[in-house]
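Have a look at the structure below before the remarks.
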Amino acid sequence: MSAHQLVLKQRAELLSVLCGGGSAEPLDCVLDLLLAWEILVWEDYLSIRVAEKSLCSNVRQLLDVVYDKGEDACSLLLAAMNQVLPEEQKAGLSFGKECAVVDKNRPDTAASMLLADRPVLVGKLRDNIDGALNALLTTGCFTIKDCDAVQLPVYTPSQQVRRLLDQVRFKGETAAKTILQYLEQTEPTRPNPEDKENHLSANVLLYQKKLRSSVAAQSHSLSTYGGTGRFSLDDIYTDGLLEVMNGSGETTTLGLEDVVGPLGTLNEDADTVLVSGEAGSGKSTLLQRLHLLWAREALLTNTFLLFPFSCRKLNAEHRELSLKELLFLHCCWPDRGQDEVFQFVLDHPNLVLFTFDGLDEFKQGFTDEERHCCPTKQVPIPVLLFNLLQGTLMKGVMKVVTSRPQAVGPSLKRYLRKEVLLKGFSPGGIDCFVKKHHSDPAMARRVIESLQANMVLLSLCHIPVFCWIVTKCHQELLAGQDSVPQTITDVYLLVLQHFFQRKSSQSQGVLGKAWLEEHLDTVLKLGQLALEGLKASCYVFSGYELQRNGPTEQDVSMGFLIYCNDLSATDCKSYEFIHVTLQRFFAALYVVLNRNGDRSAISRLFQPQYRQLSGRSQRCLGHCIDSSVEEVESHVTETPNLQITAQFVSGLLSRRHHYLLLECCPAAVWERKVKQVVKLLSKGMQRHFKSIPRPVEGEKKSMHAMPSFVWLIKCIYEMQDNSIAQDTMAKLDVEHLKLTYCNIGPVECTALAYVLKYLRNPVGLQLDNNSVGDVGVEQLLPCLHICHSLYLRNNNISDEGIRKLLEKGMTCESFQKIALFNNNLTDACTQHFALLLKSKQNFLALRLGNNNITSQGAEQLAEGLSYNQSLQFLGLWGNKIGDRGAEALASALKNSTSLIWLSLVDNGVGSAGACALAELISQSKTMQELWLNKNCITREGVECLIEALKMNTSIKEVWLKGNNLRPEEEEELSKQESRLTF
Ligand code: ADP
């Protein structure tokens with residue numbers, strides 16, 4: 001089929017992928033390419049990218065324009081989309097035959113050069129916008145106002161660059177030349193390895209080749225697919241969600257290539273990048289992908305040598321080593337010219353990258369007490385590792401380290417260049433992973449449908465390791481066994497059953513009802529190995545350790561343990577659990593099922609920090625974990641291990657699994673353990689509650705929860721016992737519960753809602769700056785009735801999540817306030833807010849700042865507002881409602897008897913909008929503050945406002961900073977009306 005026909009036939013699908021996520025980024029990237037390839041001329045671009053129109057109408061216009069241009073244009077449009085869209089969105093689309101972009105002559109003007117290089121420039125300038133604007137200011141090409149217009153916070157960094165480039169084009173050739181000169185000056189000084197290569201010795205090149213092929217071999221497949229050999233990393237790798245946070249807590253999404261790049265840098269002097277994420281969120285896999293792409297020269301092309309390390313393997317290194325020995329013994333041995341190769345590393349730190357996977361699994365907690373900077377002196381491994389991370393040794397070598405977030409304390413944080421958060425799979429990522437896992441599309445569809453039908457399971461699948469288990473155990477799942485998994489313990493019992501089933505069917509057997517009892521011996525032996533390993537931070541087991549703990553060859557053959565994929569110089573055979581979470585699950589099984597175990601095992605799991613510090617300081621559990629006391633840090637590595645094991649113990653002691661465990665554990669022992677856990681959980685919670693400070697007079701009683709509070713909640717959820725949740729929450733007496741920056745994703749939302757729904761009195765639930773997403777929102781619904789306010793700023797929520805939230809919110813009497821600043825909301829959600837406002841006459845505050853709401857959305861909102869007589873606060877800061885939107889809102893609010901505060905800051909409102917708002921002012925008896933900063937109101941609009949204010953006594957302030965007025969005008973107008981602030 002011709003490209004022309006493909007564009008027509010797939011119009012709906014192309015439209016949906018380019019505007020589906022609500023972000024304009026894919027469209028903008030496609031436009032960048034089409035401009036650079038000269039498929040679109042500037043006038044086309046201006047006709048397509050109209051800010052006042054919705055994203056979908058922009059995309060439609062693009063499709064129309066390109067379609068009219070004929071076959072070549074269509075095929076390049078498809079090529080651009082193929083290049084821009086993530087894999088998961090390309091499924092089902094056809095991009096036609098590959099087509100080559102015709103090389104054009106090098107453009108002759110600076111402006112056309114900027115256009116030809118636009119796709120690259122967007123990436124290059126993203127981290128240097130300030131510098132570029134400075135250059136433009138210095139040459140007089142830009143005014144301060146131009147700079148402000150570029151840097152409006154509503155735009156992402158890429159959008160800011162595009163606005164800058166658009167503005168530069170508008171200003172002409174001198175501005176374009178300024179940018180080109182600026183770029184020339186800021187080109188990185190890193191030497192290009194390509195140039196170096198001419199001067200490199202044959203030995204160094206040979207070493208690079210060997211290192212590349214050894215890294216490629218190590219990273220080719222995933223350990224979870226260990227023995228099966230079914231998938232290579234290429235077949236199954238699915239992009240996870242990566243974010244960085246800037247100094248003021250705002251997050252930006254990253255691509256894999258940005259992990260080592262400048263984006264998100266907080267400390268220019270440091271060389272260590274931390275990739276943090278929960279267990280199973282895909283940290284090791286991400287590193288593996290980086291390694292593989294480097295080995296293939298597809299990424300990190302400026303890195304000449306990459307040395308990958310695994311902290312769990314470094315644990316087993318008891319010798320003292322020099323840096324040279326560490327590199328060559330643990331990564332790759334140079335066949336020739338050792339000294340020369342090492343000298344190359346020393347001389348070119350900027351061409352070298354070290355990666356350390358699983359710092360949280362390293363036996364010793366980070367300290368910076370012992371300084372060491374000599375690359376040839378032998379020292380213990382921890383000294384070597386910590387000095388590399390600090391930069392005392394090999395300053396200038398970039399390091400990427402992965403760890404669970406809880407295991408990184410303040411003393412390491414000060415050496416970090418930046419922290420990249422890995423948040424697991426997006427909903428699209430889950431679909432993509434399942435499709436990659438199942439080559440049969442019908443099966444993939446069935447699995448996806450079964451996940452859609454069980455939101456709890458779907459929320460678990462955001463964590464890749466759960467997604468892997470669920471996909472792996474799809475037969476058990478689809479067979480619709482006794483019950484659908486609800487907790488992580490259910491999921492791990494499923495995988496346990498799956499492995500035993502696989503073995504039984506190999507020997508023609510079928511797993512009986514008492515399958516756990518049948519395999520109790522294996523479970524206990526592996527459990528003991530796992531627990532002792534965790535206690536000693538040991539994740540790799542030698543043949544000797546296996547023998548000592550007793551797992552037989554048959555136990556090992558069950559598949560829970562796999563050979564270590566270790567290409568370093570040590571030859572002895574060693575094993576590890578398929579994934580560390582499975583090791584913790586086995587440890588938990590051992591704690592629950594072992595009849596002779598010591599009675600304190602459970603209490604040690606549930607209160608490790610408290611026990612360790614109780615002699616020194618009697619602070620609560622949460623404070624201990626979050627304390628900046630240095631001494632805590634050497635213990636923190638142990639905490640996440642114990643916490644997840646404790647979660648599994650809670651799950652195994654759930655009454656739901658009683659029938660399965662009964663045969664393996666005497667009822668009396670089981671009951672005793674259940675009671676013990678319930679008591680410990682209750683005590684843990686009490687300690688939290690006691691830490692709640694008395695409210696300051698006039699303020700609400702508020703609790704700022706610590707991460708360990710979320711952990712306790714998750715343990716309670718695992719037990720699936722309503723009465724425990726109810727008893728615990730009966731003792732919590734707060735009006736505001738703050739859980740900001742607590743790594744709350746969909747899984748945590750499920751647990752939170754399960755427990756918080758039993759709160760006695762309504763609370764304000766503040767979940768700002770987490771990763772709740774649409775799935776998490778749905779999980780929160782069961783506790784919505786007990787929330788008078790819900791704060792979900794910066795949580796990746798889209799219109800669909802809001803639809804479900806408001807459907808429920810409408811029926812909840814107490815629900816009165818919502819804050820959704822900085823999510824992915826568009827006009828598609830405003831009809832739901834309108835309905836809420838119409839039907840809920842006690843709703844007080846609606847804050848929708850920094851989303852993508854246009855005049856259409858404002859009109860829909862206005863429809864609801866005209867029927868509402870309760871709303872007091874309406875915030876739309878940083879949207880794009882324009883004059884039309886302002887007019888609609890003003891007219892709807894004229895009869896409001898409740899509105900106190902209205903913000904339309906930064907919304908493209910001009911004088912027409914201001915005049916409409918003036919009418920609102922002249923009629924309102926309640927409004928006290930009107931925020932109109934950063935709009936484009938002129939003198940005419942302000943004069944309307946002044947006239948109206950003459951008739952209004954309730955208004956205290958009207959904010960007008962950053963509008964289209966000269967300083968003299970501002971001075972004159974503020975003299976006329978003192979309530980105006982310019
Ligand atoms: P972590 O290091 O954070 O504990 P892993 O990288 O070991 O997590 O991931 C656990 C398992 O989850 C992997 O072995 C793999 O099966 C699956 N997985 C993780 N990330 C991805 C990914 N990006 N694509 C496909 N599968 C993944």
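Atoms within each ligand, like the ligands themselves, are counted from 1 in listed order. We number each residue from 1, following the sequence as shown. Atoms considered below: every heavy atom in the structure, side chains included; atoms not considered: hydrogens, waters and symmetry mates.
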F541 ring center near Y575 ring center (under 6.0 Å): no
By ring pair (Phe, Tyr, Trp, His ring centres under 6.0 Å), which residues pair with F356, not counting sequence neighbours? F309
Applying side-chain contact (heavy atoms from CB on, under 4.5 Å) to V540 and N315, what does each step give before you reach the verdict? CA-CA 9 Å; V540 180; N315 276 337; over 6 Å; no
Can you list the steps and then say if H579 with W468 is a side-chain contact (heavy atoms from CB on, under 4.5 Å)? CA-CA 11 Å; H579 191 255; W468 164 73; 5.5 Å; no
Any idea which residues sit under 4.0 Å from ligand 1, heavy-atom distances? L222, T224, Y225, I236, Y237, T238, E278, A279, G280, S281, G282, K283, S284, T285, F425, F433, P464, V465, W468, H579
By side chain to side chain donor-acceptor pair (under 3.5 Å), E257 pairs with (sequence neighbours left out) none
Can you pull out every side-chain hydrogen bond (donor to acceptor under 3.5 Å, both in side chains) where at least one residue sits in residues 415-432? Sequence neighbours excluded, please. E243-K423, S276-E419, D368-Y415, R371-Y415, K423-S771
